[in-house]
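What follows is a set of notes on a single structure, which appears directly below.
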Number of protein chains: 2
Amino acid sequence: MIVPATIKDIAKRLNISISTVSYALNNGPRPVPEHVRERVLEVAKELDYRPNRIARLLNARRAFSIGIVPAKPDKDAFLSPHFQQLLNGVMNVLEDTKYAASVFAHHSAVNESEFIDSLTDGRVDALIFSGDIALEPIREAVTRRGLPSIALGADLSAAGPVFNADNNCGVRRAIEHLTEFGHRRIAYLGGPEETVDGRDRNKAFHTFREEFGLDTDPALVGIGRFIGPDGERFAEQLLQLKDRPTAIFCANDEMAIGVCKSAYRAGISIPRDWSVVGFDDYSHSWAVTPSLTTVHQPVAEMAAEATRALIHWVENDVTPESRIFPTSLVVRESSGPPFTT
Amino acid sequence: MIVPATIKDIAKRLNISISTVSYALNNGPRPVPEHVRERVLEVAKELDYRPNRIARLLNARRAFSIGIVPAKPDKDAFLSPHFQQLLNGVMNVLEDTKYAASVFAHHSAVNESEFIDSLTDGRVDALIFSGDIALEPIREAVTRRGLPSIALGADLSAAGPVFNADNNCGVRRAIEHLTEFGHRRIAYLGGPEETVDGRDRNKAFHTFREEFGLDTDPALVGIGRFIGPDGERFAEQLLQLKDRPTAIFCANDEMAIGVCKSAYRAGISIPRDWSVVGFDDYSHSWAVTPSLTTVHQPVAEMAAEATRALIHWVENDVTPESRIFPTSLVVRESSGPPFTT
DNA sequence: CTGAAAGCGCTAACAA
DNA sequence: TTGTTAGCGCTTTCAG
């Protein structure tokens with residue numbers, strides 16, 4: 001067991017006080033004569049000294065660490081492209097700071113209050129919540145305890161600032177895009193109502209379906225859980241219809257990819273027979289054949305901005321405003337004019 | 001600014017000593033009369049007390065935290081499916097423990113020794129390294145400082161235990177699979193030699209190409225950087241050949257997907273004209289059309305086992321042995337017998 | 001049974 | 001200029 005050297009060891013070795021060592025090492029706030037400083041640095045290197053972060057943190061009464069709380073019920077939350085983008089955005093900002101990133105897992109068997117305790121035991125200075133309604137009570141609890149947090153893609157009425165993508169506008173652009181091609185009979189596979197994104201996009205779809213005067217056949221509307229197999233199932237249902245849609249809009253990419261797979265199996269050609277539009281623009285979208293037209297959601301940027309805002313909050317005690325980030329339509333190969341015989 | 005309560009506050013309130021409070025809260029190691037304990041718990045709840053983790057850690061001289069070090073040169077290391085699987089595996093184990101997960105970012109501008117210092121400043125008890133040759137010197141340095149670590153998918157000669165997938169066997173199975181269909185003219189898109197996986201798989205391919213008596217035309221072999229576009233490019237090259245291969249084996253899925261995309265654009269049907277086999281079996285593979293035949297590499301399990309081993313190491317001071325995890329061929333839609341006119 | 005006190009490694013106020 | 005000391009919040013030994 002290797003026992004790391006401490007400032008005490010350095011002080012002893014040089015027969016000086018630990019405070020002098022500390023000041024020498026930190027280059028302040030109190031001046032230290034250059035020759036002393038040099039010798040301290042020398043001995044420090046000799047003993048392979050490096051400051052104990054935990055001790056520093058205890059003193060600073062700060063953790064210099066940002067926590068990330070993934071979506072809740074999800075056993076494999078870490079596998080979702082959303083989380084991946086989120087983490088990437090956070091890390092890209094943190095790499096230039098003295099802050100560390102701490103990822104939390106929802107303890108399976110343990111009760112919620114214990115989880116909240118672990119969030120607020122001082123191991124992090126602030127939290128980023130993945131947008132998930134189930135996390136709301138947790139967020140409220142930590143907020144009550146004075147821990148800064150920002151929720152990504154959450155309900156705007158939430159307890160604290162929220163950074164959101166403009167789902168409404170994204171849905172509008174997608175529908176606009178399809179109608180410009182001449183599509184009127186557009187199927188929609190929505191997201192779960194327990195999800196903020198699901199709820200918002202579903203609502204937006206119904207709004208704009210009116211506005212654009214689309215076919216309102218209830219058989220064209222379904223709800224999925226944001227997973228591929230639900231897209232496959234939905235497509236299979238649509239295939240049963242005698243009056244099939246000419247386009248399918250899905251509330252996320254995974255489901256859109258599922259639709260594409262079912263279509264491929266059924267010999268439906270995309271975009272000739274069906275135009276397919278997704279939502280999120282995760283890296284998956286590249287892998288699909290044909291590549292997916294989708295609404296881009298800047299998750300990484302949102303996460304990056306949230307991280308910056310949190311650090312600013314922690315350091316200057318200014319609570320950021322909620323923000324809405326623009327979405328944009330990325331037109332690829334899976335959408336086109338309806339095929340007319 | 002909310003100032004959290006401490007055991008001192010509780011002690012003062014009850015006019016007892018902090019040690020009694022501590023023992024009451026922790027239920028030991030020293031006995032505390034039930035009625036005292038009850039009152040302590042009561043006041044603790046009243047003051048919304050929760051123990052300060054940092055203080056505890058300082059005392060324990062442990063961080064109760066496992067660090068994750070992603071592959072190095074990669075700006076977006078966190079977006080790779082490999083890292084995703086790795087993190088998932090780690091988190092699934094940690095959720096049932098008192099350990100936290102800390103993700104490290106390679107500070108862009110900062111020099112390497114500073115990074116090493118941050119790894120060894122006591123914030124983590126052990127490290128999991130993503131398999132990347134560029135991390136070797138870093139790993140050596142932290143090992144020298146006595147920090148336990150396991151490398152995932154690294155060179156077996158590395159400084160410390162390594163958990164590896166059986167690349168050799170995986171390559172063998174893939175080739176076997178293709179030859180069983182009757183393929184002889186098999187193209188291979190290898191991985192970068194700077195990667196352990198790339199190197200191992202490339203070497204294995206050449207070995208088994210001999211063993212199975214495959215066509216050794218050098219035009220059939222390329223090297224990619226494990227990214228999709230390199231797969232696309234490789235496929236385009238193959239399309240130029242007058243004597244095209246009947247199957248293509250790629251050292252990872254991303255590149256295999258790239259090959260599929262190029263093939264699709266060129267009107268090449270998979271698996272009729274080309275059989276395509278990948279390596280890794282990441283979730284992407286599901287999204288592709290047709291779905292990809294690939295060699296499964298149990299990254300999440302490897303990461304989970306590594307995490308368990310590290311905790312065991314930290315707590316009982318037993319260094320684990322290096323391990324090799326079996327790979328397996330997952331046959332999907334992208335492979336089949338060669339088309340003969 | 002329980003309070004006082006030492007100490008984890010560090011920072012910084014206080015003395016000298 | 002520099003040493004002594006008091007914490008940070010906790011655990012645990014040492015006295016009583």
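Numbers restart at 1 for each chain; the letters A, B, ... are given by sequence-line order, proteins then strands.
- If you measure from atom CZ of Phe64(A) to atom C1' of dT11(C), you get 13 Å, rounded to the nearest angstrom.
- Mapping Arg30(B) and Lys8(B) onto DNA chain D by nearest heavy atom places Lys8(B) at the nucleotide closer to the 5' end.
- Residue contacts shown for Pro51(B) are limited to sugar-phosphate atoms, with no base heavy atom under 4.0 Å away.
- Nucleic acid contact class of Ser22(B) (heavy atoms, under 4.0 Å, all strands): base.
- Using modelled atom types and a 3.5 Å distance limit, the side chains of Thr195(B) and Asp197(B) yield no donor-acceptor pair.
- dT11(D) atom C1' lies 15 Å from atom CZ of Arg62(B), rounded to whole Å.
- One interatomic measurement links the two molecules: CZ of Arg56(B) to P of dT12(D), which rounds to 10 Å at whole-angstrom precision.
- In this entry the distance linking CG of Leu25(A) with P of dC10(C) reads 9 Å, nearest Å.
- Considering only side-chain N and O atoms, Thr6(A) lies nowhere under 4.0 angstrom from the phosphate OP1 or OP2 of dG9(C).
- Judged by the 6.0 Å distance and 45° axis criteria, Arg30(B) is not positioned over the aromatic ring of Tyr23(B).
- The OH atom of Tyr23(B) sits 11 Å away from the C1' atom of dC10(D) (whole-angstrom rounding).
- Listed nucleotides dT11(D), dT2(C), dC10(C) differ in distance to Pro33(B); the shortest reach to its side chain belongs to dT2(C).
- In this model, no donor atom of one side chain and acceptor atom of the other lie less than 3.5 Å apart for Asn88(B) and Gln85(B).
- Screening Val21(A), Val40(A), Thr20(A) for a side-chain contact (heavy atoms from CB on, under 4.5 Å) involving Ile7(A) leaves a single residue, Val21(A).
- The pair Arg145(A)-Asp117(A) meets the salt-bridge criterion, with a side-chain N (NZ, NE, NH1 or NH2) lying under 4.0 Å from an Asp/Glu carboxylate O.
- Put simply, the side chain of Ser19(A) and the base of dT5(D) share no donor and acceptor less than 3.5 Å apart.
- Here the C1' atom of nucleotide dC8(C) and the CD1 atom of Ile54(B) are 13 Å apart, to the nearest Å.
- In this structure, Asn59(A) places its CG atom 5 Å from C1' of dC10(C), rounding to the nearest Å.
- The CZ-C1' distance, from Arg53(A) to dC10(C), rounds to 14 Å in whole Å.
- Summary of the strand contacts: Ile18(B) and Arg61(A) both lie near DNA chain D, and taking for each the nucleotide with the nearest heavy atom, the more 5' one is attributed to Arg61(A).
- Side-chain proximity of Thr20(A) to dC8(C), dC10(C), dT2(D): nearest is dT2(D).
- Contact check, Asn26(A) against dT11(C): a side-chain N or O comes under 4.0 Å of OP1 or OP2.
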